[in-house]
Amino acid sequence: MSATGGGAPGCPFADGTVPLSGSRFHTDPAALYREMRREHGAVVPVELLGGFPAWLVIGYRELLRVTGDPELFSRDSGLWNQWASVPPDWPLLPMIGRNQPSILYTVGSRHQRRAMMISDALEAVDPVDLARHTEQLADSLVDGFCRKGETELISAYAMLLPVLVLARIYGFPDVEGPGLARALNDMIDGGENAFAGQQHLAGSMHRLVASRRAHPTNDVVSRMLAHQPQEFTDEEILQDLMVMTAAGHQPTADWIGNSVRLMLTDDRFAASLAAGRNSTGEAMNEVLWEDTPTQNVAGRWASRDTQLAGRHIRTGDMLLLGLAAANSDPSVHAGAGAGSGPYDGLRGGNHAFFSFGHGEHRCPFPAQEIAEIIARTGIEVLLDRLPDIDLAVPAASLVRRPSPWLRGMAALPVRFTPTPARGGM
């Protein structure tokens, strides 16, 4: 692959390489991925911001292979063969990571031990307490706009609730939640404020770790620090907390927003909104298949020359995980419902989607359960409190945030009958 210039956003360059930028990733990703598949197959040559080449894996089976072979397709970003050309202010550095001592880029037995530390700390979160925290914080947020009869749900609700809940179970004061949300959004979107967002998040984590090191309590951070003391440094735990907070907040916020959008715009769900609990789970599952919050993930790096879907992958090449595209791969959905094979009937209650990743570096199961409780409870509280909620603008006017990585709503204006606040926490 070679970096070349020119080309309309989302359209291939002269050499066929597709720029991983442009409006189509958030306006019409399904059509874009179909075009990629038709032109390039299951592994697509793409170009990152700054002209850096990578491979976007959009085939379901190919993604299973990449995520299932951590030795050949390593999570060690130090293997990347482009580091010599990467400037120190590259906006995607917070997302790609270099010499970053977090679990994202740890491999082998040390990664397994760190994953166990995180899983154990999260698994100790009582689901009943978690649902109660979520209900309290959701009610508090709804109280902030329920008397107005209208609001913008993404900024006033979806983008606040997950991080506020995580703040409680990790040990953050509630007042730090909004600032953490802004920092996370800036960092993940990879724009001009990415580094400032990363610094804000790191500073908050540093203070929290220091506080819990001196005065441990019954929270996630204290349990991480107490897990096999001295095995992991405070810096490593700090980095893991940054990853956990980013991975726990932003996709969950988009899961809420995308699910509510679906329920307000699709007749299959809108008809049962008054009995929201009956359709919430179905809408959430469909979103993970068709509108997954995590669209593309960086990444994996080839530890040696290899072949993947007929592509020659060089040592040190970066591979991006095309989760959304793989979920819709027609080669594994052909004949669904006809008993045609192991991927028959992938919708409904089937959870074979890639939305939480796959393999050794997938999202830990306790973290998935926490995200689901926060998202489901958040949606149910909203529908219970505002049973006649409806879009305040035409559905066709809704737009997504401009990111090829995460897929979420830029705004979701709604109206409803004004109701009194409940008050109290």
Side-chain angles (χ1 to χ4, degrees), residues 1-3 17-18 20 36 40-88 90 92-119 190 231-232 235-236 239-240 242-243 247 294-323 325-326 329 354 356-364 404-405:
M1 290 182 292
S2 62
T17 301
V18 179
L20 202 72
M36 287 184 182
H40 300 280
V43 179
V44 182
V46 297
E47 180 180 285
L48 298 173
L49 181 68
F52 295 100
W55 300 101
L56 179 63
V57 183
I58 63 174
Y60 191 99
R61 295 181 178 87
E62 289 74 16
L63 203 55
L64 281 177
R65 180 186 170 193
V66 170
T67 54
D69 190 345
E71 180 179 344
L72 177 56
F73 301 106
S74 175
R75 199 66 175 91
D76 181 2
S77 62
L79 296 173
W80 195 20
N81 52 29
Q82 298 292 314
W83 280 123
S85 303
V86 176
W90 190 43
L92 293 184
L93 270 180
M95 179 172 292
I96 304 299
R98 185 181 189 184
N99 298 324
Q100 185 189 103
S102 79
I103 190 171
L104 281 181
Y105 304 103
T106 307
V107 298
S109 61
R110 189 163 181 80
H111 172 270
Q112 295 168 5
R113 294 195 302 274
R114 289 178 79 165
M116 181 175 295
M117 171 187 66
I118 292 173
S119 291
E231 181 176 13
F232 302 109
E235 175 64 20
E236 288 175 311
Q239 291 290 335
D240 287 351
M242 290 182 66
V243 170
T294 306
Q295 189 172 187
N296 298 303
V297 173
R300 299 293 188 270
W301 289 267
S303 61
R304 62 178 184 272
D305 285 9
T306 189
Q307 296 285 323
L308 183 66
R311 298 288 191 179
H312 176 64
I313 310 297
R314 301 173 302 155
T315 301
D317 276 1
M318 180 193 295
L319 297 97
L320 307 176
L321 310 182
L323 307 185
D329 185 345
F354 277 109
F356 293 111
H358 173 265
E360 186 176 283
H361 285 269
R362 72 174 293 153
C363 180
W405 309 102

Working for side chain to side chain contact (heavy atoms under 4.5 Å, CB included), residues Leu92 and Phe52 = CA-CA 11 Å; Leu92 293 184; Phe52 295 100; over 6 Å; no
How many angstroms lie between atom CZ of Phe73 and atom CE of Met318, to the nearest 0.5 angstrom?
-> 14.5 Å
Checking Val297, Ile58, Val46 against Leu320 for side-chain contact (heavy atoms from CB on, under 4.5 Å), the one that qualifies is Val46
CD of Glu71 to CG of Asp69, rounded to nearest 0.5 Å, is 6.5 Å
Picking from Met117, Met116, Arg110, what satisfies side-chain contact (heavy atoms from CB on, under 4.5 Å) with Arg113?
-> Arg110
So, do Leu20 and Glu47 sit near enough that their side-chain heavy atoms are less than 4.5 Å apart?
-> no
With Arg304 via side-chain hydrogen bond (donor to acceptor under 3.5 Å, both in side chains) - residues at least two apart = none
Going through the distances and angles, do Trp55 and Val66 end up as a side chain to side chain contact (heavy atoms under 4.5 Å, CB included)?
-> CA-CA 12 Å; Trp55 300 101; Val66 170; over 6 Å; no
So Leu63 and Tyr60, side chain to side chain contact (heavy atoms under 4.5 Å, CB included) or not? Walk me through it.
-> CA-CA 5 Å; Leu63 203 55; Tyr60 191 99; 6.0 Å; no
Output for pair (Gln239 CD, Met242 CE), nearest 0.5 Å, gives 5.5 Å
Just by distance, do the side chain of Trp301 and the backbone of Leu72 share a donor-acceptor pair under 3.5 Å?
-> no
Evaluate the criterion side chain to side chain contact (heavy atoms under 4.5 Å, CB included) for residue pair Gln112 and Arg114; output intermediate values, then yes/no.
-> CA-CA 5 Å; Gln112 295 168 5; Arg114 289 178 79 165; over 6 Å; no
For a side-chain contact (heavy atoms from CB on, under 4.5 Å) with Arg300, tell me which candidate from Val57, Asp76, Ile313, Thr67 qualifies.
-> Thr67
Closest non-hydrogen atoms of Ala302 and Leu319, given as atom of the first, atom of the second and distance, are N-CD1, 4.0 Å
Can you name the residues that form a side-chain hydrogen bond (donor to acceptor under 3.5 Å, both in side chains) with Thr315, not counting sequence neighbours?
-> Asp305
In this structure, CG of Asp329 is separated from CG of Leu64 (nearest 0.5 Å) by 10.0 Å
How many angstroms lie between atom CH2 of Trp80 and atom OG of Ser74, to the nearest 0.5 angstrom?
-> 14.5 Å
Shortest non-hydrogen contact from Val18 toward His40 | CG2-NE2, 3.9 Å
Heavy-atom pair with the smallest gap, counting every atom of Pro404 and Asn296 = O-ND2, 2.7 Å
Kindly write out the residues that satisfy side-chain hydrogen bond (donor to acceptor under 3.5 Å, both in side chains) with Asn81, not counting sequence neighbours, or none if the list is empty.
-> Asp317
Gap separating the CD1 atom of Ile118 from the CZ atom of Phe232, nearest 0.5 angstrom | 8.5 Å
